[in-house]
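We're numbering straight along the sequence, starting at 1. Counting starts at 1 for both ligands and their atoms, in listed order.
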Amino acid sequence: MTSTAPIGMFDSGFGGLTVAAQLRHDMPHEHVLFYGDSAHAPYGLKTPDQIRERCFSIADHFVAQGVKALVVACNTATSACVEDMRQRYDIPVIGMEPALKVACDRGLGVRQHVIVAATPLTLHEHKFAALMDRFKQDHDITPLPCPNLVTTVESGRILDEHEAQSAVHSYFGGFDWSSVNSVVLGCTHFVFFRKYFLQMCPQDVAIIDGNEGTIRHLHVVLEALGDLAPEQAKGGIDIANSDTSARMSERSEQLFHLL
Ligand code: DGL
């Protein structure tokens, strides 16, 4: 069995476009409805209750449109309320978390030093504490909140090479990279900075995000339910934003095409 219903995906703003691009690449037959909540970004400096309210409002709307699954393309929203969303909706809800396991497994048993860059909320919530507990005995983990990277994307300053570079340097410029094995991009907005991380870090430092793993998980879940789109389906993406100004929709398109 297959399903031609769309997949609803959202983020606090433009960061989730990096996950949408991965979905378009890995599951080209699927139709994605993407919603960026830029009018209410950043989520990383809000309370979990405020974020839950936004997520319910967005997801209720998607469910009313008949989506077959919800992808929370936001580590922060996942930390705040993915379990509440799973109780509220009877379709699969796929969340995201910093890809710390991927970074630690990369050491093949050798102790790793991993920097986890994320929003303040993600790093303070119990979901991340539980993740740390699984790995902190055997690895050195440095959590690093980087809220200004989110605003650099939302404001469009990411499109200016110099601004993007100096935003990354303001957090990472002082690191002694000789002891670092990997940087986990634990916020979907940060994936837009990948090329600046690659420029700044020594070649043996891996830059890791959770986008591919998230889409693989979505694929497994839909396949198990018999809900993958049929192979003859063309697939596509509709991008919407809570900031409905022409400037923001132009920025969405520009950022999506950067990926
Ligand atoms: N893109 C989001 C994430 O993955 C959060 C950005 C924000 O603070 O709004 O965590």
Side-chain angles (χ1 to χ4, degrees), residues 8-23 32 34-55 57-59 70-83 85 93-100 102-103 115-129 131-132 143-158 164 167-168 171 183-194 197 207-215 217-218 239-243 248 251-252 255-256 258-259:
M9 177 184 280
F10 72 95
D11 177 41
S12 63
F14 297 134
L17 289 171
T18 68
V19 188
Q22 189 80 48
L23 198 163
V32 192
F34 179 84
Y35 188 83
D37 196 15
S38 295
H40 302 95
Y43 281 5
L45 299 173
K46 289 191 176 355
T47 65
D49 283 347
Q50 289 170 323
I51 297 172
R52 188 179 304 107
E53 195 184 306
R54 289 306 307 148
C55 293
S57 153
I58 295 165
L70 289 163
V71 180
V72 185
C74 178
N75 295 263
T76 308
T78 301
S79 305
C81 63
V82 76
E83 295 309 333
M85 291 182 71
V93 179
I94 310 295
M96 297 192 76
E97 68 177 13
L100 185 56
V102 177
I115 299 173
V116 182
T119 67
L121 188 135
T122 297
L123 298 175
H124 282 117
E125 277 302 299
H126 55 84
K127 208 168 185 308
F128 184 68
L131 187 64
M132 280 277 279
L144 185 66
C146 308
N148 292 342
L149 295 188
V150 176
T151 44
T152 303
V153 175
E154 288 298 310
S155 64
R157 293 198 306 275
I158 181 74
V168 171
Y171 288 111
V183 179
V184 170
L185 306 178
C187 167
T188 53
H189 281 73
F190 300 175
V191 179
F192 282 111
F193 294 91
R194 172 179 288 283
F197 279 98
I207 311 300
I208 297 169
D209 68 63
N211 290 1
E212 209 181 316
T214 301
I215 300 307
H217 182 203
L218 171 69
I239 298 176
N241 198 291
S242 52
D243 181 332
M248 287 305 254
R251 196 171 291 158
S252 289
L255 288 170
F256 188 65
L258 269 191
L259 297 161

Report, in ascending order of atom number, the atoms of ligand 1 lying under 4.0 Å from any heavy atom of [X].
{"X": "D11", "answer": "1 (N), 2 (C)"}
{"X": "Y43", "answer": "7 (C), 8 (O), 9 (O)"}
{"X": "C187", "answer": "1 (N), 2 (C), 3 (C), 4 (O), 5 (C), 6 (C), 10 (O)"}

Looking only at distances, please establish whether an N/O atom of ligand 1 is found under 3.5 Å from an N/O atom of [X].
{"X": "P42", "value": "no"}
{"X": "T119", "value": "no"}
{"X": "T122", "value": "no"}

Can you find a side-chain donor-acceptor pair between [X] and [Y] that sits under 3.5 Å?
{"X": "N75", "Y": "T122", "value": "no"}
{"X": "T18", "Y": "T188", "value": "no"}
{"X": "D11", "Y": "Y35", "value": "no"}
{"X": "Q50", "Y": "H40", "value": "no"}

Considering heavy atoms of the protein only, find what lies nearest to [atom] and give residue, atom and distance to 0.1 Å.
{"atom": "atom 8 (O) of ligand 1", "value": "G44 N, 2.8 Å"}
{"atom": "atom 10 (O) of ligand 1", "value": "T76 OG1, 2.6 Å"}
{"atom": "atom 2 (C) of ligand 1", "value": "C74 SG, 3.3 Å"}

Practice task
Please report the C-alpha distance between N211 and M96 in whole Å, then the side-chain angles of each, then the deciding distance to 0.1 Å, and finally whether the side-chain contact (heavy atoms from CB on, under 4.5 Å) criterion is met.
Solution key: CA-CA 8 Å; N211 290 1; M96 297 192 76; 3.4 Å; yes
Would you indicate whether the side-chain heavy atoms of [Y] and [X] approach each other to under 4.5 Å?
{"X": "P147", "Y": "V150", "answer": "no"}
{"X": "V168", "Y": "F197", "answer": "yes"}
{"X": "E154", "Y": "H189", "answer": "yes"}

Handout entry: Heavy-atom pair of closest approach, residues A99 and V184
Key =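 Scanning both residues completely, I find the closest heavy atoms to be N-CG1, 3.4 Å.
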Handout entry: G13 heavy atom under 4.0 Å from ligand 1
Key =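 No.
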Practice task
Work out whether the distance between some heavy atom of S12 and some atom of ligand 1 is less than 4.0 Å.
Solution key: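 True for this residue.
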Handout entry: Residue portion contacting ligand 1 (non-hydrogen atoms closer than 4.0 Å) for T188
Key =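 T188 to ligand 1: contacts from backbone and side chain alike.
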Exercise for the section: Pick one of side chain, backbone, both or neither for how V150 approaches ligand 1, counting any non-hydrogen atom pair under 4.0 Å. Expected result: side chain
